[in-house]
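Working notes for the structure below.
When a ligand or atom number is given, it counts from 1 through the structure's own listing order. Computation of the quantities below employed the complete heavy-atom set of this structure, encompassing side-chain atoms and omitting hydrogens, waters and symmetry-equivalent molecules. All residue numbers in this chain count up from 1 along the given sequence.
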Amino acid sequence: MRGYLVAGNWKMNGYGAVNTKLTRSILEGWGAGATQVRLLICPPYPYLRELGQLLEGSSVALGAQNLSQHASGAYTGEVSAAMLKDVGCEFVIVGHSERRAMMGETSAVVADKFAAALGAGLRPILCVGETLAEREAKQTETVIDEQLSAVLKRTGVDAFSTAVIAYEPVWAIGTGRTASPQQAQDVHLHIRGRLKAHSSRIAERMQILYGGSVKGDNAGGLFAEPDIDGGLIGGASLKADDFLAIAAAAASSD
Ligand code: 13P
C-alpha cells in the first residue's frame with residue numbers, strides 16, 4: 001500500500017508565534033496519527049529548524065518549499081540541499097508552478113534541483129501541472145510529459161524511488177476552483193503510466209499528490225480515487241482545523 005501523504009505548503013505566510021501555534025495545534029489535533037497517513041508541513045526557511053524541533057518524535061514530517069540546485073558557493077540568498085538536511089528537513093518541494101512562473105524556473109533547473117535534493121538525502125516532491133490555456137488547448141498531457149521527462153532524463157527512474165509527485169493544475173491553485181476527482185484521477189493515472197513505462201515497481205509505489213484548492217469538504221472525493229495518494233495543500237494548510245479536516249479525510253479513506 002502506498003498510503004497517503006497530506007502536505008502543507010505554507011508558502012510565504014506566517015511569522016514566529018503564529019507558526020509555532022499552528023504547528024502545536026496540528027500536533028495536538030493529529031495526536032498519534034493514523035496508519036497509512038503521514039502529515040508534512042513546509043514552512044518558510046527561517047522557521048524550519050525551530051518548528052522541526054517541535055515535530056521531533058511526532059508523526060508529522062518537516063519539509064522546505066524550495067532549494068538551490070548548487071551545492072555551495074557564491075549564490076547570495078540561496079539555500080542548499082545539505083543545509084535543509086542539516087536543519088532537519090526530510091522533504092523539499094521542487095518545481096512549484098509559482099516558482100516556474102514567477103522565478104523563471106525551467107524544467108532543466110527543476111531537474112537539477114531534484115538531483116541536488118536526492119544528493120543530500122532529501123525526498124523531493126516534484127510538482128507538475130498545466131495552465132488553464134494549456135488545458136483548454138488539450139495540452140495537459142504534453143505539458144506534464146515534458147515536465148516529467150526533463151527529470152527522468154536527468155536522474156533516471158531509479159532516483160524516483162524516494163520521491164513524491166504532486167499534480168497541481170495551475171488554474172486550481174488559490175482560485176477555489178478545484179479539479180474534479182475524475183479530472184485529477186485522469187492525470188494521476190497518466191503520470192503513473194509514464195513512470196510505468198520506465199519501471200512498474202516505482203510506478204506502483206509512487207505517491208502522487210493532488211494540489212489546488214483542496215479543502216476539508218472536497219478532500220474525501222479526491223482521496224477516494226485510486227491514483228490520488230494525498231494532497232499538497234496551500235491555503236487550507238494555514239489553519240489547523242482545515243488542515244486536520246483534510247488529514248481526517250485521508251485517514252477515513254484508509
Ligand atoms: P491552494 O491549496 O491554496 O490552492 O494551493 C495549492 C498549492 O499551490 C500547494 O502547493
Using 4.0 Å as the upper bound for N to carboxylate O, is an ion pair formed by [Y] and [X]?
X    : Y    : result
E105 : R100 : no
D229 : R38  : no
D112 : R154 : yes
K196 : E204 : yes

Which atoms of ligand 1 have any heavy atom of [X] under 4.0 Å away?
X    : value
G212 : 4 (O), 6 (C)
G174 : 1 (P), 3 (O), 4 (O)
S213 : 1 (P), 2 (O), 4 (O)
E168 : 6 (C), 7 (C), 8 (O), 9 (C), 10 (O)
A172 : 4 (O)

Indicate, as side chain, backbone, both or neither, the part of C127 found under 4.0 angstrom from ligand 1 when only non-hydrogen atoms are considered.
->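 The answer is neither.
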
Does N9 approach ligand 1 within less than 4.0 angstrom via side chain, backbone, both or neither, non-hydrogen atoms only?
->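 For N9, the contact with ligand 1 is made by the side chain alone.
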
Please report which non-hydrogen protein atom sits nearest to atom 3 (O) of ligand 1, along with the residue it belongs to and the distance in Å to one decimal place.
->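 Going atom by atom, the protein heavy atom closest to atom 3 (O) of ligand 1 ends up being G235 N, 2.8 Å.
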
Residue and atom name of the nearest protein heavy atom (relative to atom 2 (O) of ligand 1), distance in Å to one decimal =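 Nearest protein contact, heavy atoms only, for atom 2 (O) of ligand 1 is G234 N, 2.9 Å.
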
Between E98 and ligand 1, does any nitrogen or oxygen pair lie at a separation below 3.5 Å?
->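 Among all N and O atoms of E98, none is under 3.5 Å from an N or O of ligand 1.
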
Does the N or O separation between T175 and ligand 1 drop below 3.5 Å for any pair?
->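 No; the residue has no nitrogen or oxygen that sits under 3.5 Å from a nitrogen or oxygen of the ligand.
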
Taking it one step at a time, do W30 and S59 satisfy side-chain hydrogen bond (donor to acceptor under 3.5 Å, both in side chains)?
-> CA-CA 8 Å; W30 187 236; S59 61; 3.2 Å; yes

So is K215 in contact with ligand 1, going by heavy-atom distances below 4.0 Å?
->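 Heavy atoms of K215 never come under 4.0 Å of ligand 1.
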
Backbone N/O of G3 and side chain of Q207: donor-acceptor pair under 3.5 Å =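 Yes; judged by distance alone, with no hydrogens or angles, the pair exists.
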
For the side chain of S213 and the backbone of A172, is there at least one donor-acceptor N/O pair under 3.5 Å apart?
->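 Yes, S213 side chain to A172 backbone: donor-acceptor pair under 3.5 Å.
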
Ring geometry between H70 and Y75 (parallel below 30°, tilted from 30 to 60°, perpendicular above 60°) |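 Y75 and H70: parallel rings.
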
